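Quick note on labels: first sequence line is chain A, next is B, and so on, each numbered from 1. A quick note: this is a predicted structure, and the numbers were derived from the prediction, not measured. Computed over heavy atoms, backbone and side chain alike; hydrogens, waters and symmetry mates excluded.
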Amino acid sequence: GNSVTQMEGPVTLSEEAFLTINCTYTATGYPSLFWYVQYPGEGLQLLLKATKADDKGSNKGFEATYRKETTSFHLEKGSVQVSDSAVYFCALSNGGKLIFGQGTELSVKP
Amino acid sequence: KAGVTQTPRYLIKTRGQQVTLSCSPISGHRSVSWYQQTPGQGLQFLFEYFSETQRNKGNFPGRFSGRQFSNSRSEMNVSTLELGDSALYLCASSLGDGRDNGYTFGSGTRLTVV
(Lines give C-alpha, C1' and ligand atoms only; values in the text may rest on other atoms or scores of the structure.)
Protein backbone atom coordinates (compact mmCIF):
# COMPACT_ATOMS: atom_id res chain seq x y z
CA GLY A 1 0.00 0.00 0.00
CA ASN A 2 0.87 3.68 0.07
CA SER A 3 2.49 5.29 3.10
CA VAL A 4 4.67 8.24 4.13
CA THR A 5 7.21 8.34 6.95
CA GLN A 6 8.64 11.58 8.32
CA MET A 7 11.33 12.21 10.87
CA GLU A 8 9.93 12.70 14.32
CA GLY A 9 9.85 16.06 15.96
CA PRO A 10 9.87 18.42 17.53
CA VAL A 11 12.82 20.00 15.78
CA THR A 12 14.25 23.08 17.48
CA LEU A 13 16.64 25.34 15.58
CA SER A 14 18.17 28.75 16.02
CA GLU A 15 17.34 31.46 13.51
CA GLU A 16 19.44 31.25 10.32
CA ALA A 17 20.23 27.56 10.87
CA PHE A 18 19.97 24.97 8.07
CA LEU A 19 16.84 22.84 8.07
CA THR A 20 16.32 19.29 6.84
CA ILE A 21 13.14 17.30 7.47
CA ASN A 22 13.39 13.77 6.15
CA CYS A 23 10.51 12.13 4.29
CA THR A 24 10.38 8.70 2.68
CA TYR A 25 7.47 7.04 0.98
CA THR A 26 6.10 3.72 -0.21
CA ALA A 27 3.79 3.81 -3.18
CA THR A 28 2.43 1.92 -6.11
CA GLY A 29 2.82 3.59 -9.47
CA TYR A 30 4.14 7.12 -9.79
CA PRO A 31 2.70 9.40 -7.12
CA SER A 32 2.96 13.14 -6.86
CA LEU A 33 4.68 14.38 -3.70
CA PHE A 34 3.85 17.41 -1.58
CA TRP A 35 4.93 19.35 1.46
CA TYR A 36 2.23 21.14 3.41
CA VAL A 37 2.64 23.52 6.36
CA GLN A 38 0.19 24.10 9.18
CA TYR A 39 0.35 27.15 11.43
CA PRO A 40 -1.43 27.07 14.81
CA GLY A 41 -5.19 27.18 14.50
CA GLU A 42 -5.15 27.05 10.72
CA GLY A 43 -5.64 24.59 7.89
CA LEU A 44 -2.92 23.22 5.65
CA GLN A 45 -1.07 25.35 3.13
CA LEU A 46 0.65 23.84 0.13
CA LEU A 47 4.34 24.66 0.42
CA LEU A 48 5.73 22.88 -2.64
CA LYS A 49 5.15 19.91 -4.90
CA ALA A 50 6.82 17.59 -7.40
CA THR A 51 4.96 15.45 -9.87
CA LYS A 52 7.68 13.18 -11.27
CA ALA A 53 11.08 11.76 -10.49
CA ASP A 54 13.96 14.27 -10.28
CA ASP A 55 11.56 17.23 -10.13
CA LYS A 56 12.55 19.87 -7.61
CA GLY A 57 9.79 21.79 -5.88
CA SER A 58 10.64 25.14 -4.34
CA ASN A 59 8.86 27.98 -2.58
CA LYS A 60 9.77 30.67 -0.02
CA GLY A 61 13.34 29.36 0.27
CA PHE A 62 12.22 25.76 0.87
CA GLU A 63 13.24 23.01 -1.56
CA ALA A 64 12.61 19.30 -1.99
CA THR A 65 13.68 16.90 -4.75
CA TYR A 66 11.65 13.84 -5.81
CA ARG A 67 14.15 10.96 -5.53
CA LYS A 68 12.64 7.77 -6.95
CA GLU A 69 15.76 5.66 -6.36
CA THR A 70 15.69 6.37 -2.61
CA THR A 71 11.90 6.96 -2.42
CA SER A 72 12.54 10.22 -0.62
CA PHE A 73 11.36 13.84 -0.69
CA HIS A 74 13.38 15.62 1.99
CA LEU A 75 12.53 19.24 2.81
CA GLU A 76 15.42 21.72 3.11
CA LYS A 77 15.89 25.40 3.78
CA GLY A 78 19.20 27.17 4.00
CA SER A 79 18.34 29.74 6.67
CA VAL A 80 15.23 29.40 8.80
CA GLN A 81 13.35 32.29 10.39
CA VAL A 82 11.20 32.48 13.50
CA SER A 83 8.19 32.81 11.21
CA ASP A 84 8.89 29.30 9.84
CA SER A 85 7.80 27.77 13.15
CA ALA A 86 4.93 25.45 12.25
CA VAL A 87 4.10 21.79 11.63
CA TYR A 88 5.26 20.37 8.29
CA PHE A 89 3.56 17.45 6.57
CA CYS A 90 4.92 15.35 3.74
CA ALA A 91 2.24 13.75 1.57
CA LEU A 92 1.76 11.70 -1.57
CA SER A 93 -1.10 11.37 -4.00
CA ASN A 94 -1.87 8.75 -6.59
CA GLY A 95 -4.98 10.70 -7.51
CA GLY A 96 -8.07 11.64 -5.55
CA LYS A 97 -6.63 11.66 -2.07
CA LEU A 98 -3.59 12.59 -0.05
CA ILE A 99 -1.72 10.25 2.26
CA PHE A 100 0.15 12.16 4.95
CA GLY A 101 3.11 11.55 7.14
CA GLN A 102 2.69 12.13 10.85
CA GLY A 103 3.97 15.70 10.72
CA THR A 104 7.12 17.33 12.07
CA GLU A 105 6.87 20.27 14.42
CA LEU A 106 9.52 22.92 13.83
CA SER A 107 10.34 25.55 16.41
CA VAL A 108 12.78 28.33 15.47
CA LYS A 109 14.27 30.39 18.30
CA PRO A 110 15.60 33.94 17.81
CA LYS B 1 -10.06 34.52 -5.83
CA ALA B 2 -11.81 33.13 -2.78
CA GLY B 3 -10.27 30.11 -1.10
CA VAL B 4 -11.91 27.04 0.33
CA THR B 5 -14.54 28.04 2.87
CA GLN B 6 -15.61 25.78 5.70
CA THR B 7 -18.48 26.46 8.06
CA PRO B 8 -18.86 26.54 10.94
CA ARG B 9 -15.36 27.06 12.39
CA TYR B 10 -16.26 25.58 15.76
CA LEU B 11 -18.94 23.17 16.95
CA ILE B 12 -19.74 21.60 20.28
CA LYS B 13 -22.08 18.63 20.20
CA THR B 14 -23.30 16.04 22.66
CA ARG B 15 -22.58 12.34 22.29
CA GLY B 16 -25.32 10.66 20.24
CA GLN B 17 -26.22 13.76 18.25
CA GLN B 18 -25.52 14.25 14.58
CA VAL B 19 -23.66 17.08 12.85
CA THR B 20 -23.35 18.50 9.35
CA LEU B 21 -20.27 20.37 8.15
CA SER B 22 -20.13 22.45 5.00
CA CYS B 23 -17.39 23.14 2.47
CA SER B 24 -17.39 25.55 -0.49
CA PRO B 25 -14.50 24.83 -2.88
CA ILE B 26 -12.51 27.24 -4.98
CA SER B 27 -14.51 28.31 -8.00
CA GLY B 28 -13.91 25.88 -10.85
CA HIS B 29 -12.66 23.05 -8.62
CA ARG B 30 -14.84 19.98 -9.04
CA SER B 31 -13.10 17.68 -6.58
CA VAL B 32 -13.74 18.03 -2.86
CA SER B 33 -12.17 15.76 -0.28
CA TRP B 34 -12.49 15.54 3.50
CA TYR B 35 -9.90 14.72 6.16
CA GLN B 36 -10.00 14.16 9.88
CA GLN B 37 -7.09 15.44 11.96
CA THR B 38 -6.51 14.22 15.52
CA PRO B 39 -3.40 14.29 17.73
CA GLY B 40 -3.34 10.49 17.93
CA GLN B 41 -4.12 9.44 14.36
CA GLY B 42 -2.86 12.44 12.44
CA LEU B 43 -4.47 13.30 9.11
CA GLN B 44 -6.77 10.63 7.74
CA PHE B 45 -8.71 10.64 4.48
CA LEU B 46 -12.47 10.34 4.78
CA PHE B 47 -13.82 10.58 1.22
CA GLU B 48 -13.62 12.45 -2.06
CA TYR B 49 -16.37 13.69 -4.33
CA PHE B 50 -16.09 14.66 -7.97
CA SER B 51 -19.03 15.96 -9.99
CA GLU B 52 -21.50 14.87 -7.30
CA THR B 53 -20.17 11.28 -7.20
CA GLN B 54 -18.12 9.71 -4.44
CA ARG B 55 -14.89 8.74 -6.13
CA ASN B 56 -12.77 7.55 -3.19
CA LYS B 57 -13.53 6.46 0.33
CA GLY B 58 -11.34 6.00 3.39
CA ASN B 59 -11.67 3.51 6.23
CA PHE B 60 -14.27 5.18 8.39
CA PRO B 61 -17.53 3.71 9.69
CA GLY B 62 -20.82 4.32 7.92
CA ARG B 63 -21.70 7.01 10.48
CA PHE B 64 -19.52 9.29 8.35
CA SER B 65 -21.17 10.28 5.09
CA GLY B 66 -21.00 13.07 2.59
CA ARG B 67 -22.45 14.49 -0.54
CA GLN B 68 -21.69 17.03 -3.21
CA PHE B 69 -24.09 19.39 -4.90
CA SER B 70 -24.22 20.53 -8.51
CA ASN B 71 -22.34 23.74 -7.61
CA SER B 72 -19.51 21.56 -6.15
CA ARG B 73 -20.26 22.55 -2.57
CA SER B 74 -19.98 19.59 -0.25
CA GLU B 75 -21.38 18.57 3.09
CA MET B 76 -20.16 15.98 5.52
CA ASN B 77 -22.45 14.36 8.07
CA VAL B 78 -21.56 12.41 11.18
CA SER B 79 -24.40 10.59 12.93
CA THR B 80 -24.52 9.18 16.45
CA LEU B 81 -21.50 11.17 17.56
CA GLU B 82 -18.90 9.54 19.79
CA LEU B 83 -16.31 11.21 21.99
CA GLY B 84 -13.61 9.96 19.63
CA ASP B 85 -15.10 11.98 16.77
CA SER B 86 -13.70 15.14 18.35
CA ALA B 87 -11.26 16.43 15.75
CA LEU B 88 -10.41 19.09 13.24
CA TYR B 89 -12.22 18.30 9.99
CA LEU B 90 -10.52 19.67 6.91
CA CYS B 91 -11.91 20.04 3.45
CA ALA B 92 -9.73 20.32 0.35
CA SER B 93 -10.56 21.13 -3.25
CA SER B 94 -8.63 20.50 -6.45
CA LEU B 95 -8.74 20.64 -10.20
CA GLY B 96 -9.05 17.14 -11.55
CA ASP B 97 -7.50 14.58 -9.21
CA GLY B 98 -5.03 16.96 -7.59
CA ARG B 99 -1.84 15.25 -8.71
CA ASP B 100 -0.65 18.10 -10.92
CA ASN B 101 -1.83 21.16 -9.03
CA GLY B 102 -2.22 19.92 -5.50
CA TYR B 103 -5.07 20.38 -3.09
CA THR B 104 -6.16 23.64 -1.44
CA PHE B 105 -7.38 23.31 2.11
CA GLY B 106 -9.89 25.28 4.12
CA SER B 107 -9.27 26.43 7.69
CA GLY B 108 -11.25 23.51 9.07
CA THR B 109 -14.13 22.90 11.44
CA ARG B 110 -13.15 22.10 15.02
CA LEU B 111 -15.70 19.59 16.36
CA THR B 112 -15.83 18.87 20.07
CA VAL B 113 -18.07 16.04 21.29
CA VAL B 114 -18.96 16.14 25.00
Which answer fits [X], side chain, backbone, both or neither, if we ask what part of it has an atom under 4.5 Å from a heavy atom of chain A?
| X | answer |
| --- | --- |
| B:Q44 | neither |
| B:R110 | neither |
| B:Y35 | side chain |

Using non-hydrogen atoms only, which part of [X] is less than 4.5 Å away from chain B: side chain, backbone, both, or neither?
| X | value |
| --- | --- |
| A:Q102 | neither |
| A:Q38 | side chain |
| A:K97 | both |

To the nearest 0.5 Å, tell me how far [X] [atom1] sits from [Y] [atom2].
| X | Y | atom1 | atom2 | value |
| --- | --- | --- | --- | --- |
| B:D100 | A:K49 | CG | NZ | 7.0 Å |
| B:T104 | A:Y36 | OG1 | OH | 6.5 Å |
| A:L46 | B:Y103 | CG | OH | 11.0 Å |

Are [X] and [Y] connected in the hydrophobic side-chain network, where two residues link if heavy atoms are under 4.5 Å apart?
| X | Y | result |
| --- | --- | --- |
| A:V37 | A:L19 | yes |
| B:V32 | B:L90 | no |
| A:Y39 | B:Y89 | no |
| B:F60 | B:M76 | yes |
| A:M7 | A:L75 | yes |

Problem - Among A:L44, A:L33, A:T51, residue most engaged with chain B (heavy-atom pairs, under 4.5 Å) - result: A:L44

I'd like to know whether [atom1] of [X] has more than 12 heavy-atom contacts from other residues, nucleotides or ligands below 6.0 angstrom.
| X | atom1 | result |
| --- | --- | --- |
| B:N59 | CG | no |
| A:E8 | CD | no |
| B:F69 | CZ | yes |
| A:E16 | CD | no |

Practice task
Might you point out which heavy atoms bring B:F45 and A:L98 nearest each other, and give the distance in Å?
Solution key: CB-O, 4.3 Å

Problem - For B:R99 against A:S93, the heavy-atom pair lying closest together - result: CG-O, 3.6 Å

Exercise for the section: Indicate yes or no: at least one non-hydrogen side-chain atom of A:F89 is less than 4.5 angstrom from one of B:L43. Expected result: yes

